[in-house]
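Take a look at the structure set out below.
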Protein chains: 2
Amino acid sequence: MSQQRHGSTSGGSDRANAVPAFPDLPEATIARLPEYLRALHNLGEGGADTISSEGLAAAAGVNSAKLRKDLSHLGSYGTRGVGYDIALLIEQIEYVLGLDQRRAVCLVGVGNLGHALAGYDGFASRGFKIVALFDADPSKVGERIHGLIVRHIDELPQVAVEETIAIGVIATPAGAAQAVADELVAAGVTSILNFAPCVLSVPANVDVRKVDLAIELQILSFHEHRKASLTALPGGRSATGAGNQEAVGS
Amino acid sequence: MSQQRHGSTSGGSDRANAVPAFPDLPEATIARLPEYLRALHNLGEGGADTISSEGLAAAAGVNSAKLRKDLSHLGSYGTRGVGYDIALLIEQIEYVLGLDQRRAVCLVGVGNLGHALAGYDGFASRGFKIVALFDADPSKVGERIHGLIVRHIDELPQVAVEETIAIGVIATPAGAAQAVADELVAAGVTSILNFAPCVLSVPANVDVRKVDLAIELQILSFHEHRKASLTALPGGRSATGAGNQEAVGS
DNA sequence: CGCGATTTGTGCACGCCTTCACAAGCGCCT
DNA sequence: AGGCGCTTGTGAAGGCGTGCACAAATCGCG
Ligand SMILES: NC(=O)c1ccc[n+]([C@@H]2O[C@H](COP(=O)([O-])OP(=O)(O)OC[C@H]3O[C@@H](n4cnc5c(N)ncnc54)[C@H](O)[C@@H]3O)[C@@H](O)[C@H]2O)c1
Ligand SMILES: NC(=O)c1ccc[n+]([C@@H]2O[C@H](COP(=O)([O-])OP(=O)(O)OC[C@H]3O[C@@H](n4cnc5c(N)ncnc54)[C@H](O)[C@@H]3O)[C@@H](O)[C@H]2O)c1
């Protein structure tokens with residue numbers, strides 16, 4: 001995750017208060033904000049109005065000091081002695097993440113995995129809308145999935161403009177992923193979520209995130225291996241795991 | 001990712017050379033090893049025998065210095081002036097990740113996503129084998145998917161012992177995930193891959209990894225938001241993205 | 001046999017992130 | 001009105017990870 005700071009020393013003090021000229025959030029913080037957001041929604045549905053950093057941290061599975069520092073980067077939206085106003089905090093985080101504007105997403109590769117993704121309601125419930133499905137296989141084109149009709153990949157440039165698609169999801173085999181990425185970029189997509197197990201090469205202004213199931217399993221496998229070799233050793237210590245979390249029964 | 005070092009200062013010099021008493025690998029390194037492994041397999045199929053750190057780094061999308069440091073943690077398996085022996089390195093990484101022994105995996109929740117996962121061949125090709133599918137819905141129990149029959153979740157304890165399942169995959173709705181996790185743990189599973197958008201509470205010796213699609217999209221959304229607010233600002237600089245990668249056409 | 005080209009392995013410095021610990025601030029109760 | 005308990009926001013310290021830059025090692029060639 002090599003990062004490059006965009007040295008905008010623009011004070012931003014001359015602006016009202018709507019757009020804080022963009023808080024230069026640490027990448028690690030950004031990655032946790034969605035988790036906080038989900039926890040806040042859960043808590044809000046539970047009927048609470050405010051929540052302490054301790055409580056929210058527990059619900060999100062992080063250290064409370066870390067949570068406070070993360071939130072402090074957004075500004076001061078807590079009240080000492082009380083906690084954070086849940087509704088207000090949700091609003092702020094959603095604003096920072098850009099979730100206040102619904103983002104159009106397209107999905108390329110309607111196979112095994114693509115089918116599941118197309119039918120996933122976890123998209124819409126968080127501000128994303130799948131506006132188009134693409135595939136290269138003529139036998140899939142025309143198929144209707146969850147109200148959307150699968151289009152041929154060649155229609156991507158046209159549809160991308162019509163729908164102002166900014167985010168593309170790649171669920172094709174690895175061999176086709178780079179070509180699809182190139183087409184997405186050419187069509188103006190600037191963020192890609194890649195499920196294919198391969199490295200994508202894209203221009204510097206395009207963001208790529210990868211989800212690789214096999215990698216996750218291999219990491220777990222390593223820890224299994226480690227734990228096994230530990231228990232087999234003399235000092236039969238009860239190995240302490242990695243990546244454990246706090247409760248939030250939901 | 002709070003880690004705890006298991007201070008085994010056990011020299012291990014009294015062992016032949018098979019088990020290096022366990023290298024205390026940085027977590028960040030572990031997360032990259034699977035990527036190296038995939039790149040190595042690709043390169044090997046391409047007919048190459050050796051590969052330089054520069055070449056492998058490009059194929060894996062990382063810095064070459066980082067790659068060398070990562071590999072140096074495993075021991076010295078490269079030859080100066082030449083590079084790394086691909087076959088040997090594959091063997092070593094697979095050993096460290098514990099992929100030399102096939103690991104039994106069970107999948108709980110055969111819904112939309114579970115179906116796709118059950119039919120994914122990326123498991124078997126990397127040393128994992130799905131040995132059981134579970135669901136709580138009676139109408140799904142008995143269904144055959146890719147040669148496996150869906151069993152009722154109540155059979156988990158029995159099957160887990162029979163098949164020595166160490167890794168469980170949760171693909172149920174979030175509301176059921178904690179209960180499923182508890183059952184997995186009770187059945188002896190010590191590693192969990194969780195697709196449900198919620199925090200799981202597990203004992204310290206159990207490892208949990210989470211894959212949350214919505215979080216990935218929200219992170220991308222943030223970067224979209226940032227990019228948009230940058231291009232709207234005076235100095236129209238071509239924003240440099242985050243998390244870009246090198247080529248590996250495959 | 002020696003030399004230069006090449007590439008690994010790593011010491012080192014820097015920056016990011018995490019965590020502790022505590023002062024400052026807020027509300028409530030008396 | 002004042003004090004007290006609770007919680008936030010943050011300074012500082014330490015650890016981890018990254019990447020540069022280079023010495024050490026190896027190969028091939030003349
Ligand atoms: N199935 C899973 O559970 C799973 C899990 C993790 C990762 N993955 C990865 O996701 C990807 C898709 O997996 P899958 O099981 O759905 O595969 P799949 O073969 O079932 O589906 C791939 C789809 O992509 C389409 N396609 C191929 N080339 C294309 C192109 N150039 N343009 C547009 N569409 C194209 C195919 O027609 C097909 O419909 C693979 O890279 C796989 O490794 C899958
Ligand atoms: N579909 C996707 O693309 C997608 C993507 C990312 C994350 N997810 C998450 O993955 C999970 C599953 O998604 P889905 O779309 O497959 O949902 P789904 O409703 O289609 O499937 C859930 C399955 O879990 C089973 N189940 C429910 N309670 C159970 C229990 N206690 N024990 C065993 N099985 C139980 C149900 O019978 C059902 O078959 C959800 O948490 C979802 O948020 C889904």
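Note that the coordinates shown come from a computational prediction; the quantities given were computed from them, not determined experimentally. Order of the sequence lines fixes the chain letters, A, B, ..., with proteins taken first and strands second; residue numbering starts at 1 for each chain.
A/Y77 has no side-chain polar atom (N or O) that falls below the 4.0 Å cut-off from OP1 or OP2 of D/dT7. Side-chain nitrogen and oxygen atoms of B/R68 include none within less than 4.0 Å of the OP1 or OP2 phosphate oxygen of D/dC22. For A/K66, a side-chain nitrogen or oxygen approaches OP1 or OP2 of C/dT19 to under 4.0 Å.
If you take CZ of B/R32 and C1' of D/dG17, they are 8 Å apart, rounded to a whole angstrom. The interatomic distance linking B/L67 (CG) with D/dC20 (C1') rounds to 16 Å, in whole Å. At whole-Å resolution of the value, CG in A/L25 and P in C/dC17 are 11 Å apart. Regarding A/L71, its CG atom lies at a distance of 16 Å from the C1' atom of C/dC17, rounded to whole Å. Separating the CD1 atom of A/I30 from the P atom of C/dC17 is a distance of 9 Å, rounded to the nearest angstrom. Rounded to whole angstrom, the span from the CD1 atom of B/I51 across to the C1' atom of C/dT7 amounts to 12 Å. The CD atom of A/E54 sits 14 Å away from the P atom of D/dG9 (whole-angstrom rounding). If you measure from atom CG of A/L89 to atom P of D/dT8, you get 11 Å, rounded to the nearest angstrom.
In plain terms, the two heavy atoms of B/L71 and B/L56 that are nearest each other are CD1-CD2, 4.4 Å.
For B/S53, whose side chain is taken as the heavy atoms from C-beta onward, the closest listed nucleotide among D/dT18, C/dC22, C/dT8 is C/dT8. Taking the side chain of A/K69 as heavy atoms from C-beta on, and the options C/dT8, C/dT19, D/dT8, the nearest nucleotide is C/dT19. Each of D/dG9, C/dC20, C/dT10 was ranked by its minimum atom distance to the side chain of A/N63; first place goes to C/dC20. Residue A/A65 places its side chain closer to C/dA21 than to any other of D/dG19, C/dG9, C/dA21.
Under the ring-ring contact (aromatic ring centres under 6.0 Å, His included) criterion, B/F222 pairs with A/F22, not counting sequence neighbours. Checked against ring-ring contact (aromatic ring centres under 6.0 Å, His included), A/Y36 has no partners two or more places apart in sequence or in another chain.
Side chains of B/H41 and B/R38: no donor on one and acceptor on the other come within 3.5 Å. Side-chain polar atoms of B/T190 and A/E224 form a donor-acceptor pair below 3.5 angstrom.
Defining each end axis of the helix from C/dC1-D/dG30 to C/dT30-D/dA1 as the rotation carrying four pairs' C1' atoms onto the next four, with five pairs an end, the two axes are found to diverge by 0° to 10 degrees.
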Output one letter per nucleotide in nucleotides 25-30 of chain C: B when a protein non-hydrogen atom lies under 4.0 Å from the base, S when only the sugar-phosphate is that close, - when neither is. BBS---
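Under the salt bridge (charged side-chain N to carboxylate O under 4.0 Å, His left out) criterion, the residue pairs touching residues 67-89 of chain B are B/R32-B/D70, with sequence neighbours excluded.
Backbone-only contact: B/S76 has heavy atoms under 4.0 Å from sugar-phosphate atoms and none from a base. When heavy atoms are screened at a 4.0 angstrom cut-off, A/T29 is found touching no nucleic acid atom at all.
A donor-acceptor pair is defined here as one N or O able to donate and one able to accept, closer than 3.5 Å; no such pair exists between the side chain of A/K210 and the backbone of A/V199.
More than 12 heavy atoms of other residues, nucleotides or ligands lie within 6.0 Å of CD in A/Q101, so this atom counts as buried by the packing criterion.
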Check residues 212-221 of chain A and write down every donor-acceptor pair under 3.5 Å in which the side-chain atom is one partner and the other belongs to a residue at least two apart or another chain.
from, atom 1, to, atom 2, distance (Å)
A/D212, OD1, A/A214, N, 2.9
A/D212, OD1, A/I215, N, 3.3
A/E216, OE1, B/R209, NE, 2.5
A/E216, OE1, B/R209, NH2, 3.2
A/S221, OG, B/L97, O, 2.6
A/S221, OG, B/G98, O, 3.4
A/S221, OG, B/R103, NE, 2.9

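Side-chain contact between A/N194 and A/V169 is absent, with no heavy-atom pair separated by less than 4.5 Å.
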